[in-house]
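All heavy atoms count here, side chains included; hydrogens, waters and symmetry mates do not. Sequence lines set the chain letters: A, B, ... in the order given, protein chains first and strands last, and positions in each chain run from 1. What you are looking at is a predicted structure, and each value in this text was computed from that prediction instead of being measured.
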Amino acid sequence: MIVRTFLKEKIAHLLKELWNEEVPIPLLYPDQPKFGDYATSVAMALAKSLRQKPLDIARTMAEHWKWQDICTVEVAPPGYLNFFVQDSLLGALAQEEFLHPHYGKSTLLSDKKILLEYVSANPTGPLHIGHGRWAALGDSLARILSYAGAEVWREFYVNDAGNQIRLLRETIQAVREKREIPENGYHGAYIADVAQQNEDPVQYILSWQKETLKNFGVEFDRYFSEKSLHESGMVQKTLDFLTSKGVAYASEGALWLRTTDHGDDKDRVLVKSDGEYTYFAVDIAYHQDKIKRGFRSLYNILGADHHGYVKRMEAAVWLLSQADGVETDFRIIIGQLVSLYRNGEPVRMSKRTGDMITLEEVLEEIGRDALRYYMVMRKADTHLEFDIEEAKKQSEENPVFYVQYAHARICGILRNLPPSLPKVQGGVIDSPEARLLAIRLLRFPEVVQDAALALEPHRIPQYLEDLASVFHKYYTVHRIITEDLEKTAQRAILVRATKNVLALGLHLIGVSAPERM
RNA sequence: GCGCCUGUAGCUCAGCUGGAUAGAGCAACAGCCUUCUAAGCUGUGGGCCACAGGUUCGACUCCUGUCAGGCGCACCA
């Protein structure tokens, strides 16, 4: 059971019954144990409309609280209701749910079929650290959304057509023929390597990117080729469709889309006056393809360097949905850039000049677990400053090891457990520290749901650090394995449950849960 | 000039969509291993939540303005 959801329902039920009120119920985790495991401030919010003192409202609610077997309730000034989960319930949950291999999995989003697009780097050069961030975010998000019950399909849009690609081919051709690299061509150190391959440069670079992502633990259901949209005629079909619906129009020798109908500050070109499609037009065709494949939730992770693109894309998908008579849930998650430093000196990341550090190299230096953790532990919209030397130095101190260590520590304890233990009859919550630990375990499903709804993977590592901390403290105070076999069995329950949740949480962000460290 | 994002401890960042005394990790200092993993634990110091107004019983959180930083403003991709 999810206690928070239970409380919200019952509180809402009470308000309806007592005063016929229907308001959102704020439910929070108090920062001090004496204020309970959960609390609500709803009485304060209702004071005005009920014309009563918050404290009186809270008291009345407490008097009518009839779910004492789940939570007891206390009133605190100026009008809080503080809920205390029953130890017996915690103990029972610890023996069942907390140990379940899919604990925290829900059907919250089971009505959603989501297409999550992320990374979508141009196949014109190696992936950089920013791609690493989108990759880690996207992969974690996909795992979290799936765990919340959604059907998630992961795609990488391959821009294997257009000017950049033509320029890349010209560059490679020039190098192979020992000619000068054309103006605006690519100059990275990797160019020489690509030119030496007996392979199509685009395919070569793409497989290189795939390899890097694979090493990073990030995989896709499909690498969607932009070229295929041209070849299948999807682009023209989509444009004809938009024209027939009157939202695309010809002017000044070009074809335009009325993106101003939906928040953009000017209409955008779909077909240039030279007859070529814009990148935008092809991307619209791609999104039309997503819709045609039955996806209604279209989530894109986009680098902040492309955020100027958001408004027109939102407008385009809105127009497509309107024209098709479907409702879509289109959401763009902006991943802010990663500024790369080495010993405090900024490192340039231009593909053109070639002075860049690739994701592959950083991955090599820092390691997969540490890098993945580092990339998802922060909110997506914070500007991340990443110093390679600092990160290398700190890799020993990286919070990922703190969390993993808790897991490994537990594995060590479990290895030392006596081979046979008596059956546990309750008493699992035998100390304040045990109680704090159980409460953390109880919150795991709530955290997963919050992360899924807010599309914020960073909540998972945040939670894991808290859980690990509470466990380390518990471990310091209480000895698990003792002569008292009954006590040992009781404590083993909680420890095993903690291991389970740590492993589940780490898995959600694609980080391993080592048995030994 | 316009738009998006950011501004919280010396540093890197949380702060649960408006609630109780603003938290964590590094860094500094002082302690804790004959017992299950010391990659751990305990304690100390460190804050005008950029600034100024406003809304509210109540603001780090919402609104307006200012300042600072990042990014973007194509018939490029």
**Request:** Would you confirm whether the ring centroid of A:F330 sits within less than 6.0 angstrom of the ring centroid of A:Y299?
**Result:**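 Distance test on ring centres: not under 6.0 Å, no.
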Please check: side-chain N/O of [X] versus main-chain N/O of [Y], any donor-acceptor pairing under 3.5 Å?
X	Y	value
A:T382	A:L384	no
A:H131	A:H128	yes
A:H287	A:D283	yes

Select base, sugar-phosphate, or nothing to describe what [X] touches, counting heavy atoms under 4.0 Å on all strands.
X	value
A:Q462	sugar-phosphate
A:A39	base
A:A406	nothing
A:L270	nothing
A:K34	base
A:A451	nothing
A:E515	base

Is there a Watson-Crick or G-U wobble partner for [N] with both distances under 3.5 Å, and which nucleotide is it?
N	result
B:C73	B:G1
B:A38	none
B:U66	B:A50

**Complete:** Whether each nucleotide of nucleotides 66-75 of chain B has a protein heavy atom under 4.0 Å at its base (B), only at its sugar-phosphate (S) or at neither (-) is summarised, 5' to 3', as ---BBBS-SB
**Item:** Ionic contact status for A:E456 with A:R459, cut-off 4.0 Å
**Value:**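 Salt bridge between A:R459 and A:E456, a charged N being under 4.0 Å from a carboxylate O: yes.
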**Prompt:** Thinking salt bridges, do A:E117 and A:K290 make one under a 4.0 Å N-O criterion?
**Reply:**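 Here A:E117 pairs with A:K290 in a salt bridge, since their nearest N and O are under 4.0 Å apart.
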Would you mind reading off the distance between [X] atom [atom1] and [N] atom [atom2], rounded to a whole angstrom?
X	N	atom1	atom2	result
A:H230	B:A77	NE2	C1'	12 Å
A:D484	B:U35	CG	C1'	16 Å
A:H407	B:C36	NE2	P	20 Å
A:N159	B:A77	CG	P	10 Å

Can you identify which nucleotide, out of [options], has its nearest atom closest to the [X] side chain?
X	options	result
A:E385	B:U12, B:U21, B:A77	B:U12
A:Y374	B:A20, B:U12, B:A14	B:U12
A:K48	B:A20, B:A77, B:C57	B:C57

**Where the chi angle of B:C67 falls, syn if within 90° of 0 and anti if not** =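 It is anti.
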**Message:** I need the residues from residues 472-482 of chain A with at least one non-hydrogen atom less than 4.0 Å from RNA chain B; give them sorted by number, or say none.
**Reply:**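 Those residues are A:H472, A:K473, A:Y475, A:T476, A:H478, A:R479, A:I480, A:I481.
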**Item:** No-H, no-angle donor-acceptor pair, A:D466 side chain to B:A14 base, under 3.5 Å
**Value:**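 Donor-acceptor pair under 3.5 Å: no.
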**Message:** Quick check: closest heavy atoms across A:L255 and A:A250, and the distance to 0.1 Å?
**Reply:**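 Closest pair (atom of A:L255, atom of A:A250, distance): CD1-N, 3.9 Å.
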**Prompt:** How close do A:I481 and A:I413 get, heavy atom to heavy atom, and via which atoms?
**Reply:**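 The pair with the smallest heavy-atom distance is CD1-O, 3.5 Å.
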**Item:** Distance between C1' atoms of B:U21 and B:G54 (Å, rounded)
**Value:**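 Rounded to whole Å, the distance is 26 Å.
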**Item:** Whole-Å P distance, B:U56 and B:C63
**Value:**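 After rounding to an integer number of Å, I get 16 Å for this pair.
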**Request:** Would you kindly check if the NZ (Lys) or CZ (Arg) of A:R479 is within the cone defined by 45 degrees around the ring axis of A:Y475 and under 6.0 Å from the six-membered ring centre?
**Result:**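 Negative - A:R479 is either too far from the ring of A:Y475 or too far off its axis.
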**Message:** Tell me whether the rings of A:H230 and A:Y277 are parallel (<30°), tilted (30 to 60°) or perpendicular (>60°).
**Reply:**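 Ring orientation of A:H230 relative to A:Y277: tilted.
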**Asked** Should the ring pair A:Y223 and A:F156 be called parallel, tilted or perpendicular, given that the plane angle runs from 0 to 90° and is split at 30 and 60?
**Response**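 It falls in the tilted class, 30° to 60°.
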Under 4.0 angstrom between [X] side-chain N/O and [N] OP1 or OP2:
X	N	value
A:N122	B:A77	no
A:R409	B:A38	yes
A:N416	B:U37	yes
A:H458	B:G15	yes
A:Y402	B:C41	yes

**Message:** For A:L81 and A:Y29, find the nucleotide of RNA chain B closest to each by heavy atoms; which residue's nucleotide sits nearer the 5' end?
**Reply:**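 Between the two, 5'-proximity favours A:Y29.
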**Asked** Closest nucleotide of RNA chain B for A:C411 versus for A:S41: which of these residues is on the 5' side?
**Response**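 Comparing both residues, the 5'-ward one is A:S41.
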**Ring-on-base stacking B:G40 with A:Y405 (under 5.5 Å, under 30°)** =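 Answer is no, no stack.
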